[in-house]
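So the structure is just underneath, and the comments pick up after that.
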Amino acid sequence: MTLPKIAVLTGAGVSKGSGVPTFRDGADSLWRNYNPQDLATPEAFARNPRLVWEFYDWRRQMMANARPNPAHLTLAAMEKALPDFTLVTQNIDGLHREAGNRRILYLHGDIWYVRCTECDYRSEDRRVPLPELPPTCPRCAAWLRPDVVWFGEALDPVTLHRAEQAFSQADIALVVGTSAVVYPAAMLPHYTRERGGRIIEFNMARTPLSPYADETILGPSEETLPAWWEAFQAELGL
Ligand code: BJW
Ligand code: ZN
């Protein structure tokens, strides 16, 4: 029996069980009465880089203390077990890497990297908290910014293309813990559906993707994803 091709899209909900607040959900996503959607923009950074950096420095502290949960670990086990498996994440927290996944497509960047707003300097920086805000470029002294993709900015075209290819060829798209409202990420599972593949969604609540999903498994993904994988392995005889 040939094993199915699986593409996975994850969002903030997959890290909720690790104690990382989601982007849009409820009270714990609030920071100083700001709407995160208004802080994750190039305009906000141009207006007040220190404020935007304080927001990211705070999130870096939350993320530095987080450990992968059973949903992350299940995705790492799936990568090992399946020859054709692609993990695409909107998350910037690095928890998939820590769980053991080796091939990860980061659609919205990585909070543990900084890059220069003027030159092509880019570097890993894991210091928490950062000693100065905003940090400055060691090469040209301009401000550094988090290496993430803000609203209105283009995703890396090579990464996006690889993600589109994976979903266009997948037999099954697993969509885990995302509100499925941010594009182009939210488009990806539709490519699987267009080729006749299945969409299985794991979320606490229904989303705009749910009407298109073959199955929406409601509940915390740190519980539902390991249970699904257990049953699916038995089905495949793995
Ligand atoms: C659980 C759970 C548990 C909780 N278990 N589940 C088409 C239509 C309309 C608009 C657009 C469009 N195309 C483009 C746009 C504009 C825009 C967009 O999509 N806007 C919409 C909001 C309307 N998109 C863009 O601007 C993108 N760029 C672009 O299109 O560029 C075009 C261009 C081309 C060429 C040149 C120039 C430009 C860029 C989007 C970048 C998004 N960036 C952010 C910030 C990243 C850095 C950071 O984190 O600070 O990415 S925004 C934010 O949203 C972040 C997330 O990755 C992303 C998605 O959020 P996610 O992960 O889904 O989190 P939540 O909080 O929304 O949801 C959590 C879910 O988990 C919920 O459903 C819960 O129920 C669930 N949950 N606990 C399972 N235990
Ligand atoms: Zn520079």
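Remember, it's a predicted structure, so these values are computed and weren't measured experimentally. All ligand and atom numbering here is 1-based and tracks the order in the structure. All values below come from the heavy atoms of this structure, side chains included, with hydrogens, waters and symmetry mates left out.
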Taking only heavy atoms of [X], which atoms of ligand 1 are found under 4.0 Å from at least one of them?
X      : value
Val182 : 19 (O), 40 (C), 42 (C), 54 (O), 58 (C), 59 (C)
Val148 : 47 (C)
Arg59  : 48 (C), 49 (O), 50 (O)
Gly11  : 62 (O)

Please tell me whether Ser179 and Thr207 have a donor and an acceptor in their side chains that are separated by less than 3.5 angstrom.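 Per modelled atom types, Ser179 and Thr207 side chains form no pair under 3.5 Å.
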
Between the side chains of Thr178 and Gln90, is a donor N or O closer than 3.5 angstrom to an acceptor N or O?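 Per modelled atom types, Thr178 and Gln90 side chains form a pair under 3.5 Å.
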
Please report whether ligand 1 has a polar contact with [X], defined as an N or O pair separated by less than 3.5 Å (distance criterion only).
X      : result
Gly152 : yes
Val149 : yes
Lys16  : no
Phe23  : yes
Ala180 : no
Gly177 : yes
Ser221 : yes

How about [X]: does its [atom1] atom have over 12 heavy atoms from other parts shown lying under 6.0 Å from it?
X      : atom1 : result
Glu230 : CD    : no
Glu118 : CD    : no
Arg115 : CZ    : yes

Option nearest [atom] (shortest heavy-atom distance, choices [options]):
atom                    : options                       : result
atom 61 (P) of ligand 1 : Thr178, Val52, Asp147, Leu209 : Thr178
atom 11 (C) of ligand 1 : Tyr106, Phe202, Tyr183        : Tyr183
atom 39 (C) of ligand 1 : Arg206, Gln37, Glu223, Glu153 : Glu153
atom 35 (C) of ligand 1 : Ser15, Ala154, Pro21          : Ala154

Restricting to non-hydrogen atoms, name the atom on [X] and the atom on [Y] that form the minimum distance, rounded to 0.1 Å.
X      : Y      : result
Thr192 : Ala173 : OG1-CB, 3.6 Å
Pro189 : Ile199 : O-CD1, 3.5 Å
Asn91  : Ser15  : ND2-OG, 3.7 Å

Rounding to 10°, state the angle centred on the Zn ion (ligand 2) that links SG in Cys137 with SG in Cys140.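 Computed angle, vertex at the Zn ion (ligand 2), rounded to 10 degrees: 110°.
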
Taking 4.0 Å as the limit for heavy-atom contacts, which would you say applies to [X] with ligand 1: side chain only, backbone only, both, or neither?
X      : value
Gln90  : both
Val181 : backbone
Tyr56  : side chain
Asn203 : both
Glu222 : side chain

Just say parallel, tilted or perpendicular for the rings of His190 and Tyr212, cut-offs at 30° and 60°. perpendicular

Parallel, tilted or perpendicular: which one describes the rings of Trp58 and Phe55, with boundaries at 30° and 60°?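 Parallel: the ring planes of Trp58 and Phe55 meet at under 30°.
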
Ring of Trp143, cation from Arg50 - is the NZ or CZ under 6.0 Å from the centre and inside 45° of the axis?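 No - Arg50 does not lie over the ring of Trp143 by the 6.0 Å and 45° rule.
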
Do the numbers put Arg122 on top of the ring of Tyr113, so that NZ or CZ is under 6.0 Å from the six-membered ring centre and no more than 45° off the axis?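 Cation-pi check for Arg122 and Tyr113: passes.
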
Salt bridge or not for Asp110 and Arg97, using N-O below 4.0 Å? yes

Could you establish whether Phe55 and ligand 1 come within less than 4.0 Å of each other, counting only heavy atoms on the residue side? no

